[in-house]
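Shown next, in structure tokens, is the structure this report addresses.
Labels below follow one simple rule: chain letters A, B, ... track the order of the sequence lines, proteins then strands, and each chain is numbered from 1.
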Protein chains: 2
Amino acid sequence: MSLVLGDKWRGRVSQRTAQAVRSAAAELGYRPNLAARNLRLGRTRTALLVVPALTNDYFARVYTGAARVAARNGFGVVLYPSPEGVGPAPDPFSSARAALDGVIASSMAVEALDAISGDPAAGTAGLPLVMLDSEPGAAGAAATVNLDLADGMRQVVDHLVALGHRRITHIAAAVDSWTFQVRRDAFDAAVRGLSGAVGGREPAGLSVEQGLQAARRALTAPGPRPTALVCDDDLLAAGACKAVRRLGLRVPEDVSVTGFDDLALATAVEPELTTVRLPADEVGARGMAALLAALDGHAPEPADVLPVHLTIRGTTTAPAEG
Amino acid sequence: MSLVLGDKWRGRVSQRTAQAVRSAAAELGYRPNLAARNLRLGRTRTALLVVPALTNDYFARVYTGAARVAARNGFGVVLYPSPEGVGPAPDPFSSARAALDGVIASSMAVEALDAISGDPAAGTAGLPLVMLDSEPGAAGAAATVNLDLADGMRQVVDHLVALGHRRITHIAAAVDSWTFQVRRDAFDAAVRGLSGAVGGREPAGLSVEQGLQAARRALTAPGPRPTALVCDDDLLAAGACKAVRRLGLRVPEDVSVTGFDDLALATAVEPELTTVRLPADEVGARGMAALLAALDGHAPEPADVLPVHLTIRGTTTAPAEG
DNA sequence: ACGGGTAAGTTATACGTAACACCATCGAGG
DNA sequence: CCTCGATGGTGTTACGTATAACTTACCCGT
């Protein structure tokens, strides 16, 4: 309607008419039909965010950041997958109810992304794609947004080494995602360069319970006990702390523990977790910004890397003598 | 297209033609245009979920449950508000990008709901509305889905009283939401009926830090010290545990602590929290089911109340003598 | 005074789908 | 043999918006 025109075409409609239309619209409770508008314009101002699970606070924060800048630009965000999992939806058109203008995907949900890319009903084919936490130069991605996890891991190891730790074990998430591969490589590199340092690794899932079990294995393995456990995320770290105590040891006096993420959990446990704070909402925000730029035709910088900071709290200290 | 017709009008199109259309569609990569379909049908198979913040695990789980049954029925779920907060969106049409078929709202986000109801651009006026965690019979709601929080609180107090506690303080969320009012009333009722029991109350926000401060106030107030702290959610409980220890006391030997929700956090802290498990995903799922029923014309049962269960873990024990 | 140019207003069309009405064909029964 | 019914296929229309194209009115300059 001319109301919309009135917003931009100041020269096409008189002030008086615009005012009249406005008041009439208000009176009748007129509301534009989104479906019709989308059909006419051929775009929906809606982006799809592909993440593994919102119940992981990290991804909830990614969503929050993405939704914030989306809203600021008149965009909406819908989520995939439905927590059903990745399987085909019962109704072939249900995978993404809204037509989409673009896609933002976390590398931790690549299976989901593959699923919807392969699903002709999902309608993501040929859409601008921004990858989060993903190898720069990923195929098909217009841009990537990353965290400098290698630097984060380096900060962690440097911190522990500076405290005097030498026997350090990496409680590694056994998840086939680039972000964890980076942690593994960075840990190895940091430990390799140090004289007298011993780095071990214990694979685990991504939960408190898995962290507990992996840490128990690491601490009860034959040979000298590690004095520090570097965990791939805060859930694992919380589990590791529990394992330490169940073995009758103390955190951090006997074993130091570090995490990644800085979830709410990190300050809820005691002692509070020393962890690498990941600006998750910033990842989401940058991802959405990059997508918007791509949609506007501006080429976004193809690879954005965000700095991370080690937050030193209560779970790290110098190792006991011996 | 006839493909779609073929799905339901078996008598209208021959097997041969249906097959031909199908293969042609597959070959050309045909995908129906959602916007056009929505326009034609006048519905979008999309529901709006109004919650305060996804970074609270409770609401992430509500979303998960709602999205699960939505997906199963070919529906989508979009979230409001954008984390901007509740203020008017820069673009008057951006509040909800998708046209909506219905709304599910948590009573903890009533301000947001008021905002979008009052916002003519949001387009929720006259839409079927399901309220979660809300007073049964709420105005304008086709149905409500609730947790039996009164019973949960009763279970908590009964558990503590059975252990021998008499001086029990309620660390209450000072949030103007029905769900917390219920907890307050139930706590008062449970304590009132007991001879010799003393119930106090200390208001707090909804964070670990606020729980810590409220618990510190409760424990350092003049008069006999409470032996148990009943917290309105797990974040407050985690904070309360920290307060107890900072005062040189032990959990649970000196002070027992309970929470509500059973977040991931509950089993990450030590000792693990005794808490009332709230089936958040079930709340979301029932809410969506009720909305779907309302959209189908079936009147859903107006008020659904889900049972809750006290999960006894490590933060409660009998009080020390004295 | 007349024409050209600009500002304002009006009309027409297309977007892609679903539903309905209409048409063609064929078989069976009167 | 003709008609009626059933079955399969085709054509048309409307959903509500945005915009281009067209029309009208007015002002000003020559």
Side-chain angles (χ1 to χ4, degrees), chain A residues 1-46 74-76 91-101 120-127 295-296, chain B residues 1-46 74-76 91-101 120-127 295-296:
Chain A
M1 283 303 277
S2 50
L3 190 155
V4 178
L5 302 182
D7 267 8
K8 42 166 68 171
W9 293 17
R10 289 232 169 264
R12 298 281 295 126
V13 73
S14 70
Q15 301 282 344
R16 220 178 41 125
T17 314
Q19 191 53 43
V21 171
R22 242 176 278 273
S23 64
E27 194 156 347
L28 299 179
Y30 166 79
R31 253 172 330 97
N33 179 314
L34 268 306
R37 179 197 296 256
N38 289 343
L39 175 60
R40 180 66 179 82
L41 296 193
R43 41 159 215 187
T44 55
R45 299 185 81 75
T46 299
F75 262 67
D91 167 18
F93 306 129
S94 69
S95 40
R97 287 312 309 171
L100 304 172
D101 282 355
T124 62
L127 251 40
L295 288 172
D296 275 357
Chain B
M1 284 303 278
S2 49
L3 190 156
V4 178
L5 302 182
D7 267 8
K8 43 167 67 173
W9 293 16
R10 289 233 169 265
R12 297 283 294 129
V13 72
S14 68
Q15 301 281 345
R16 219 175 44 121
T17 314
Q19 192 52 42
V21 171
R22 242 177 278 274
S23 65
E27 194 156 348
L28 299 178
Y30 166 80
R31 255 175 327 95
N33 180 314
L34 267 306
R37 178 196 295 254
N38 289 343
L39 174 59
R40 182 63 179 86
L41 294 223
R43 47 162 205 185
T44 55
R45 298 184 80 76
T46 299
F75 263 66
D91 166 19
F93 306 129
S94 68
S95 39
R97 287 311 310 171
L100 304 172
D101 282 354
T124 63
L127 251 40
L295 288 172
D296 275 356

Out of [options], which nucleotide sits closest to the side chain of [X]?
{"X": "B:Leu41", "options": "C:dC15, C:dA18, D:dC15", "value": "C:dA18"}
{"X": "B:Asn33", "options": "C:dC15, C:dT17, D:dT17", "value": "C:dT17"}
{"X": "B:Arg37", "options": "D:dT17, C:dA18, C:dC15", "value": "C:dA18"}

Provide, to the nearest angstrom, the distance between the [atom1] atom belonging to [X] and the [atom2] atom belonging to [N].
{"X": "A:Gln19", "N": "C:dG9", "atom1": "CD", "atom2": "P", "answer": "13 Å"}
{"X": "A:Arg40", "N": "C:dT13", "atom1": "CZ", "atom2": "P", "answer": "13 Å"}
{"X": "A:Leu39", "N": "D:dC15", "atom1": "CG", "atom2": "C1'", "answer": "9 Å"}
{"X": "A:Leu28", "N": "D:dG16", "atom1": "CG", "atom2": "C1'", "answer": "16 Å"}
{"X": "A:Asn38", "N": "C:dG16", "atom1": "CG", "atom2": "P", "answer": "13 Å"}

(request) Report yes if some heavy atom in the side chain of A:Leu127 is under 4.5 Å from a heavy atom in the side chain of A:Leu100; otherwise report no. (result)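 A side-chain contact under 4.5 Å exists here.
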(request) For residues B:Phe75 and B:Leu295, determine if any side-chain heavy atom of one lies less than 4.5 Å from a side-chain heavy atom of the other. (result)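 Side chain of B:Phe75 against side chain of B:Leu295, heavy atoms only: contact under 4.5 Å found.
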(message) Using the side-chain hydrogen bond (donor to acceptor under 3.5 Å, both in side chains) criterion, which residues pair with A:Asn33? Sequence neighbours excluded.
(response) none
(message) Measuring from atom OG1 of A:Thr46 to atom CG of B:Leu34, what distance do you get when rounded to the nearest 0.5 angstrom?
(response) 10.5 Å
(request) Measure from the side-chain N and O atoms of B:Asp101 to the backbone N and O of B:Arg45, and report whether any donor-acceptor pair falls under 3.5 Å. (result)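 A pair under 3.5 Å: yes.
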(message) So for the helix from C:dA1-D:dT30 to C:dG30-D:dC1, with five pairs setting each end axis, what is the inter-axis angle to 10°?
(response) 70°
(request) Could you pull out the closest heavy-atom pair between A:Ala35 and B:Asn38, with the gap in Å? (result) CB-CB, 3.7 Å
